[in-house]
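The next block holds one structure in the form of structure tokens; read it before the comments.
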Amino acid sequence: MCVCFFGKQFDFNQTVKNLPSGVYKLTAKAAYRYGSSEALEYTEIQKGTETKNATLYATVGDKTVSTKVMNRYDGASTTDLANGSGSVTVNDLYVPNSSAAVQAWFNAGQYANEVEFEVPAEGDVTIGIVKTELPGAGDYTVIGPWTLTRVGDVDKELNVTINHERYPTKGYGADVVEVDLSEAKAWLGVSNLTTSMLRIENPDGTLISDYPPYDGWFNGEGVAETWGTTTMICVKFFEAIPDGKFSICDMNGADEVGKTYTVKWQLVNGEKFVRYTINVTFVEPEAVELEVVDKGIVASVEYDSNEEQYTEKVVSLTDEQVSTICGELGISSLSEAKVYGYNPTTGKLLSVFDGYDGWRDANGDFAKHTGDAQVPACVKYADGQNYYCYNIANLDAQTIKCYWVIANDVKGVLVEIDFIYDITNGITSVEDAATGAKLFNLAGQKVQKAGKGLYIVGGKKVIF
């Protein structure tokens, strides 16, 4: 038995080496006295303001579990367990007041302090009682027998399910998902998680520790695959280390409404692991109901029909147009507004338009880009005043009206960007030869007078 008197700091501990994996209970007989006045100590305990400066602890790796050592009144008795040898009484409660009296209370089963901890894999544990405070005269701790008992096997598996709903058409547009990793840290017995603990779990139970080449991609059955024609869903769970945020995206037509994809990741430490089952379900976005007003906000962009494909041009609304939008919505700047896509054929507002990337069909409706004339116009929303435009080459002359809606919570203002294809490098009109028709040579150049040879007149080849 060790008696530690007032004014002393201490850390009595012992390290047990190569402890087998398991769940353990540490029991230590110990009692703590704060101050020299039993009456004052009793009063503080009754008020719940008593001070306990000694701590029983067990440390495995970088994880420590602990409990405050019992105060003398935690083991108070209505009878004198020391038979008058070193005990005191306050309000008809007996407490020990000497090391010998504490021993009598120990023998009677009092002051049994306990902590329970896990050893995930075979390793070392440090057990002890520590006191770092110097409260003053009368403070002491009495420490008695110790017992360390293995009470069971470690529960190795913790399962966490994350259900995420994703809107269709977003494609590579990533959703950011948050996960609380504190439970995983506590389960694995670590203060910090590292990417070296990560594993991909395939449906057949095999684990992949060399996950970087897969970059989070899985096929429709949840099997990890490198990016390709059969990959469907991308869950970059490795991004969650250490801040708890990771991204989800999709490809190859995975975004069928009602379809659910399930993938699994693990965090592993020794024999213990946390399995994250991540279910990604595609759902239809909720309908947007707004009063949409047309304030005549129109801008245009013009392309030659044979201009180089994907040429970027920026269309900007005038400051006056921006002022009109802000005034209608009651906002000070466009940065305060919400933005929606708009399909003119249905009048439908789109709250999710990531996957379309600004591309429209010939009617001006949002459409997935296929690299051909089925999606001839691209108008991307930049900041409400500026819009980025891209073209498809070798198209007929046409005008495609592309719309966005800038809104507050109840009203939206229609913004029309006219996407104009104009044929300027070919022959656009000729006059009949008999009435002084315009003449063009075979290079498309206008000539004033025809000599001998082949010319274009009225859209037809004519030999002079």
Side-chain angles (χ1 to χ4, degrees), residues 11-30 54-70 106 109-130 143-163 179-211 222 224 237-238 240-242 244 262-279:
D11 184 357
F12 292 112
N13 64 74
Q14 175 185 357
T15 298
V16 182
K17 296 286 188 178
N18 302 320
L19 203 63
S21 172
V23 180
Y24 290 84
K25 180 192 294 184
L26 170 64
T27 303
K29 296 290 185 68
T55 302
L56 174 68
Y57 69 91
T59 299
V60 179
D62 58 0
K63 182 180 180 182
T64 297
V65 294
S66 64
T67 186
K68 290 294 184 182
V69 170
M70 293 181 180
F106 286 171
Q110 298 295 82
Y111 304 122
N113 304 269
E114 293 182 348
V115 292
E116 193 170 287
F117 60 92
E118 290 184 355
V119 179
E122 181 178 309
D124 302 341
V125 58
T126 299
I127 56 178
I129 294 180
V130 62
I143 303 172
W146 299 64
T147 304
L148 182 61
T149 307
R150 188 179 188 277
V151 296
D153 294 329
V154 171
D155 190 359
K156 300 178 181 179
E157 179 178 333
L158 173 65
N159 286 289
V160 178
T161 300
I162 298 174
N163 295 315
V179 55
D180 184 359
L181 297 174
S182 59
E183 185 179 19
K185 294 177 184 178
W187 180 259
L188 298 175
V190 297
S191 299
N192 298 297
L193 300 171
T194 65
T195 53
S196 64
M197 298 177 179
L198 278 171
R199 309 285 188 272
I200 294 173
E201 181 181 336
N202 277 327
D204 62 2
T206 57
L207 299 180
I208 301 174
S209 57
D210 185 24
Y211 61 84
F237 192 77
F238 52 85
I241 310 300
T262 299
V263 305
K264 295 179 180 180
W265 284 83
Q266 287 189 18
L267 280 167
V268 179
N269 183 35
E271 297 181 5
K272 297 191 72 172
F273 65 92
V274 183
R275 174 186 291 113
Y276 289 90
T277 300
I278 303 166
N279 300 310

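Considering every non-hydrogen atom in both Ile129 and Ala28, the closest pair reads CD1-CB, 4.5 Å. The heavy-atom pair separating Leu56 from Glu114 by the smallest distance is CD2-N, 4.0 Å. The shortest heavy-atom contact between Leu181 and Ala240 is CD1-O, 3.4 Å. Heavy atoms only, all atoms of each residue included: Gln110 and Lys29 are closest at O-CD, 3.4 Å. Listed here is the closest heavy atom pair of Lys272 and Leu188: O-CD2, 3.6 Å. Shown here for Pro203 and Gly222, the closest heavy-atom pair between the two residues is CD-O, 3.4 Å.
Listed by chain and number, the residues in a salt bridge (charged side-chain N to carboxylate O under 4.0 Å, His left out) with Asp153 are Arg150 (sequence neighbours excluded).
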Quiz prompt | Pair Thr64-Ser66, side-chain hydrogen bond (donor to acceptor under 3.5 Å, both in side chains): steps then yes or no | solution = CA-CA 7 Å; Thr64 297; Ser66 64; over 6 Å; no
Practice problem: In sequence, state the C-alpha distance, the side-chain angles, and the governing distance for Thr161 and Asn279, and then conclude on side-chain contact (heavy atoms from CB on, under 4.5 Å). | Solution: CA-CA 8 Å; Thr161 300; Asn279 300 310; 3.7 Å; yes
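Results of the side-chain contact (heavy atoms from CB on, under 4.5 Å) test with Gln266 over Leu158, Leu207, Leu198, Ile200 single out Leu207 as the only residue that passes.
A donor-acceptor contact shorter than 3.5 Å links the side chain of Asn113 to the backbone of Ala30. Judged purely by atom type and a 3.5 angstrom limit, Lys63 uses its side chain to pair as donor or acceptor with the backbone of Ala186. With Asn202 contributing its side chain and Asp204 its backbone, the two residues share no donor-acceptor pair below 3.5 Å. Side-chain atoms of Asn269 never come within 3.5 Å of backbone atoms of Leu267 as a donor-acceptor pair (strictly under, hydrogens ignored).
Summarising the geometry, atom CZ belonging to Arg275 is positioned 5.5 Å from atom NZ belonging to Lys264; distances are rounded to the nearest 0.5 Å. Separation of atoms CD (Gln14) and CH2 (Trp146) is listed at 8.5 Å; rounding is to 0.5 Å.
With contacts defined as side-chain heavy-atom distances shorter than 4.5 Å, the pair Glu118/Val60 does not qualify. Proximity of Thr277 to Thr262: side-chain heavy atoms (C-beta onward) are separated by under 4.5 Å at one or more points. The shortest distance between side-chain heavy atoms of Tyr211 and Trp265 falls below 4.5 Å. A 4.5 Å side-chain heavy-atom check between Glu183 and Val160 finds at least one atom pair inside the cut-off. Under the 4.5 Å side-chain criterion, counting only non-hydrogen atoms from C-beta, Ile241 is not in contact with Met197. Using a 4.5 Å heavy-atom cutoff, the side chains of Phe237 and Val263 are not in contact. Counting heavy atoms from C-beta on, the side chains of Tyr57 and Thr59 come closer than 4.5 Å.
Between Phe106 and Tyr111, the ring planes are perpendicular. Angles over 60° get that label, and only those under 30° would be called parallel.
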Sequence neighbours left out, cut at 3.5 Å: what donor-acceptor pairs do the side chains of residues 18-25 make with other protein atoms?
residue	atom	partner	partner atom	Å
Ser21	OG	Val119	O	3.1
Ser21	OG	Pro120	O	3.0
Tyr24	OH	Pro20	O	2.8

